[in-house]
Visitor: 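Below is a structure I'd like to ask you about.
Just so you know, these numbers come straight off a predicted model, no measurement behind them. Computed over heavy atoms, backbone and side chain alike; hydrogens, waters and symmetry mates excluded.
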Amino acid sequence: MNLRQDARDWREVLRAAFPRPLAIACLVGVLAEVILAFAVLRSGADLRPHNVPATVVAPSVMSEPLAAELNGLPGTPFDLTATEDEGGARSDVEQGRIYAALVVDLRSRKDRLLVSTALDPQMVDAVVSQVQESEDAWGRSAALERVGPPDGEKRLARAHLVTLLACLLGFLITVGSSLKWGPVARSFRRGLARLGGMTAGSAVAGLILGIALTPGAFATKLSVGLAAALVALCSGAVTAALESVAGWAGLGLAVLAFFATALPVLTRTDQHLIPPPWNVVTGAGIPVAGLQTIAQASLRGTLDGGPILILGAWLAAALLLLGYARSARTRAARVHATGAEPATRSQSRAHARANRWRVRVIAVVAPLTVALLAAAAVVPQQRLAEPAEIASHVYTSECISTGPVKDVADLNRLASLRGAPLFRGADVGASAPLQDGRTLWMFGDTLRDAGTGPRMVRNSMLILAPDCIQGVFPPSDGAIIPGRPRSTVGYWPMSVVVDRHDGYDLVYVTTQRVQGKGDGAFDFDNLGLAVATFLVPKGGVPQRIDQQDIGPDQPGREAPTWGAAAASVGGDDGDWVYLFGTANPGTDQAFGWSLQVARMRPKDITNQQRWRYWDGSAWVTRESRAQILIPAREGVSQTLSVFEQDGGWYAVSKRNDFIGSDVTVWTAPAPTGPWSSGTAVAPIESKTGQLRYMPLAHPELFPKKGTVVVSYSNNDADLDRVIDDPLRYRPKFLRIALPEGPTRP
């Protein structure tokens with residue numbers, strides 16, 4: 001009868017202190033931990049990287065799009081940042097802040113992949129496989145270079161061992177205390193002393209453990225020892241908190257919790273090889289956070305970063321839960337007090353309860369621990385999944401022999417060649433010289449043979465070498481600058497800017513993004529500027545590495561289309577790019593386009609916030625203040641050429657756009673003007689059914705003082721005639737004399 005009464009009294013106290021919702025929460029916690037353990041064990045059979053911290057080292061024009069592409073892959077294998085600081089990236093890898101750094105050498109196709117020595121071989125293989133997949137897609141390769149301490153893998157292995165032992169020590173100290181003195185202390189004072197003893201024991205045990213198992217300098221040993229002491233302390237405190245809430249069941253809950261969150265440590269599986277959301281859950285647990293803290297202490301000799309905060313949060317939560325449990329038990333005991341009883345009976349009942357408690361603790365903790373450790377020992381053999389596939393960026397080129405190209409007559413001879421199946425005819429023809437002596441050409445709507453894909457693409461590229469001409473084709477054989485995905489918006493080239501570097505050129509192609517509204521050749525909306533960036537290794541094939549729309553879509557002609565012409569000029573204060581914009585007010589009196597100018601450094605072409613606009617007296621930040629240099633009435637074509645020669649500036653265009661009849665040259669002493677009213681220098685009048693338009697200058701071709709080579713586009717109003725005879729849709733070349741104009745003072 002007394003035993004039954006004792007049991008009823010104890011159950012009443014527990015029910016009052018920890019009502020049914022709390023019991024249900026404990027049950028849910030157990031189920032969640034079992035599910036977590038099962039999911040993590042199951043995921044170990046097919047590993048792939050997730051959110052691996054790394055960086056790409058390259059000029060921002062390459063590193064940012066490459067990082068964005070890799071970050072956007074299915075499953076998010078990387079959490080990449082972009083930087084130009086190789087020294088900083090190497091230091092971050094050496095000290096374990098990031099796992100890897102891809103150092104891109106734009107002068108060649110061979111890069112370097114810096115990987116920390118303190119990584120498991122599995123993770124190294126996963127990183128290398130995914131990076132090589134990306135490198136293959138770009139037509140590049142990467143040589144592996146391990147950086148960090150030579151014994152990095154051994155340090156990581158010791159960190160795993162120290163972490164597991166620290167967690168186990170903290171747990172065992174709490175369980176030992178429970179076996180000796182029972183689940184709760186009889187008074188607040190004894191409870192405080194007991195907590196202090198467990199804290200001191202855990203901290204000292206962890207400190208000794210870390211120092212004993214860590215090689216190297218004493219400062220490193222001490223850092224690892226302090227980290228291990230914190231892990232042991234957290235483990236012991238959380239175990240004590242769970243025990244105080246749920247009794248002997250809380251110890252079982254602690255075993256499950258540590259096992260579930262320690263699986264990456266037990267199985268030597270990097271947290272970033274576990275799929276979400278399990279990688280996040282395990283990463284927030286004491287074992288993984290402890291491993292990261294101890295590993296960082298071993299590599300850097302310091303204690304800092306997010307893992308320390310996670311451990312601190314667990315410790316604070318455990319202390320708060322212990323305080324709550326003490327307060328709840330005290331209130332419940334007062335409510336259910338049944339009066340005094342003889343001291344001998346009280347001692348006998350306490351002794352019996354303690355024995356029953358010890359049996360229950362051993363019966364729960366021992367077999368559960370053995371079973372879970374056995375389960376970890378038979379984890380399926382882990383293997384790496386195939387890396388995520390990346391669409392190819394490898395552009396191809398075929399060089400067709402042309403014979404020597406020395407003058408305008410040779411250019412017109414090339415324009416009369418039949419051409420390759422992917423280039424039968426095109427308009428525009430903006431050009432720029434490359435540092436290796438070749439000339440890059442961008443064309444607009446390009447006609448192709450039937451059966452080669454789209455019969456007409458919005459743009460294409462040719463490279464003119466001294467004795468051959470190359471067509472440059474993307475993997476899709478579509479436009480070299482692809483249209484906007486799932487849209488009818490395409491890109492017409494306007495001008496080309498070359499930014500030269502050691503061993504390679506960065507080529508910026510300004511385009512107008514256009515959206516067709518019907519079947520007519522002129523039935524479209526101009527939405528604004530876009531810039532495509534190409535990497536051209538010396539003597540190599542161009543590759544598009546970036547493409548950005550600049551500003552929001554603005555249908556209409558009233559807003560300036562920047563990039564209608566571009567000129568790159570070097571000076572004492574560095575290189576500048578002058579971007580010219582054209583606009584038309586849409587009135588009956590204005591058939592031409594007005595001209596305005598902005599300037600920026602070459603690397604800032606795609607960053608409109610860095611542009612400055614000429615307002616008539618100064619370079620200002622507000623686009624709305626840009627001054628009109630040439631008015632729309634009797635103005636230039638929508639796309640034109642502006643260049644500098646012998647100290648003077650020239651704008652070559654067709655006055656009044658399509659209705660004009662002459663190549664016209666405007667002159668100025670500077671890109672900001674004042675500009676002349678224009679001088680007609682050569683006739684290019686359109687005839688019935690035949691269109692002649694968009695004269696563009698090519699100062700780099702066969703330069704001769706006082707003159708410039710100019711091309712203009714030919715087309716036919718009847719598309720069928722063009723398809724039957726693509727030669728009707730080829731540029732024509734001529735040399736014009738430049739009018740005298742003012743020169744810079």
Visitor: Do the side chains of K110 and E135 get close enough for a salt bridge, i.e. N-O under 4.0 angstrom?
Guide: no
Visitor: Starting from the C-alpha separation in whole Å, work towards a yes-or-no answer on side chain to side chain donor-acceptor pair (under 3.5 Å) for Q95 and Q296.
Guide: CA-CA 7 Å; Q95 298 189 24; Q296 289 175 3; over 6 Å; no
Visitor: Taking NZ, NE, NH1 and NH2 as the nitrogens, is one of them in R300 or E94 under 4.0 Å from a carboxylate oxygen of the other?
Guide: no
Visitor: Any side-chain donor paired with an acceptor under 3.5 Å for T83 and T55?
Guide: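 Short answer, no.
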Visitor: Side-chain donor-acceptor pairs under 3.5 Å in residues 156-170, sequence neighbours left out?
Guide:
from: H160; atom 1: ND1; to: L156; atom 2: O; distance (Å): 2.9
from: T163; atom 1: OG1; to: A159; atom 2: O; distance (Å): 2.6

Visitor: Is any side-chain heavy atom of P149 less than 4.5 Å from a side-chain heavy atom of L299?
Guide: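 Yes - at least one pair of side-chain heavy atoms lies under 4.5 Å apart.
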Visitor: What I'd like to find out is whether the side chain of V238 reaches to under 4.5 Å of the side chain of T174, using heavy atoms alone.
Guide: no
Visitor: Pair R107, D502 - check salt bridge (charged side-chain N to carboxylate O under 4.0 Å, His left out), show working.
Guide: CA-CA 7 Å; R107 296 168 298 180; D502 181 20; 3.7 Å; yes
Visitor: Ring-plane angle category for Y99 and H272, please: parallel below 30°, perpendicular beyond 60°, tilted otherwise.
Guide: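 Rings of Y99 and H272: perpendicular, as their planes differ by over 60°.
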Visitor: Rounded to the nearest 0.5 Å, how far apart are OG1 of T117 and CD of E145?
Guide: 11.5 Å
Visitor: Between the side chains of D120 and R268, is the shortest nitrogen-to-carboxylate-oxygen separation below 4.0 Å, so that they form an ion pair?
Guide: yes
Visitor: For the residue pair V52 and D79, establish whether any side-chain heavy-atom pair is separated by less than 4.5 Å.
Guide: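 Of all side-chain heavy-atom pairs linking D79 with V52, none is under 4.5 Å.
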Visitor: Within a 6.0 Å radius of atom CD on E389, are there more than 12 heavy atoms belonging to other residues, nucleotides or ligands?
Guide: no
Visitor: Rounded to the nearest 0.5 Å, how far apart are CG of N71 and CG of L80?
Guide: 4.5 Å
Visitor: Go through the structure and list residues passing ring-ring contact (aromatic ring centres under 6.0 Å, His included) with H50, not counting sequence neighbours.
Guide: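 Testing H50 for ring-ring contact (aromatic ring centres under 6.0 Å, His included), a comparison that skips the adjacent residues, returns none.
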Visitor: Checking the side chain of R146 only, and the main-chain atoms of S116 only, is there a donor and an acceptor separated by less than 3.5 Å?
Guide: yes
Visitor: Excluding sequence neighbours, so at least two apart, what forms side chain to side chain contact (heavy atoms under 4.5 Å, CB included) with A237?
Guide: L315, A318
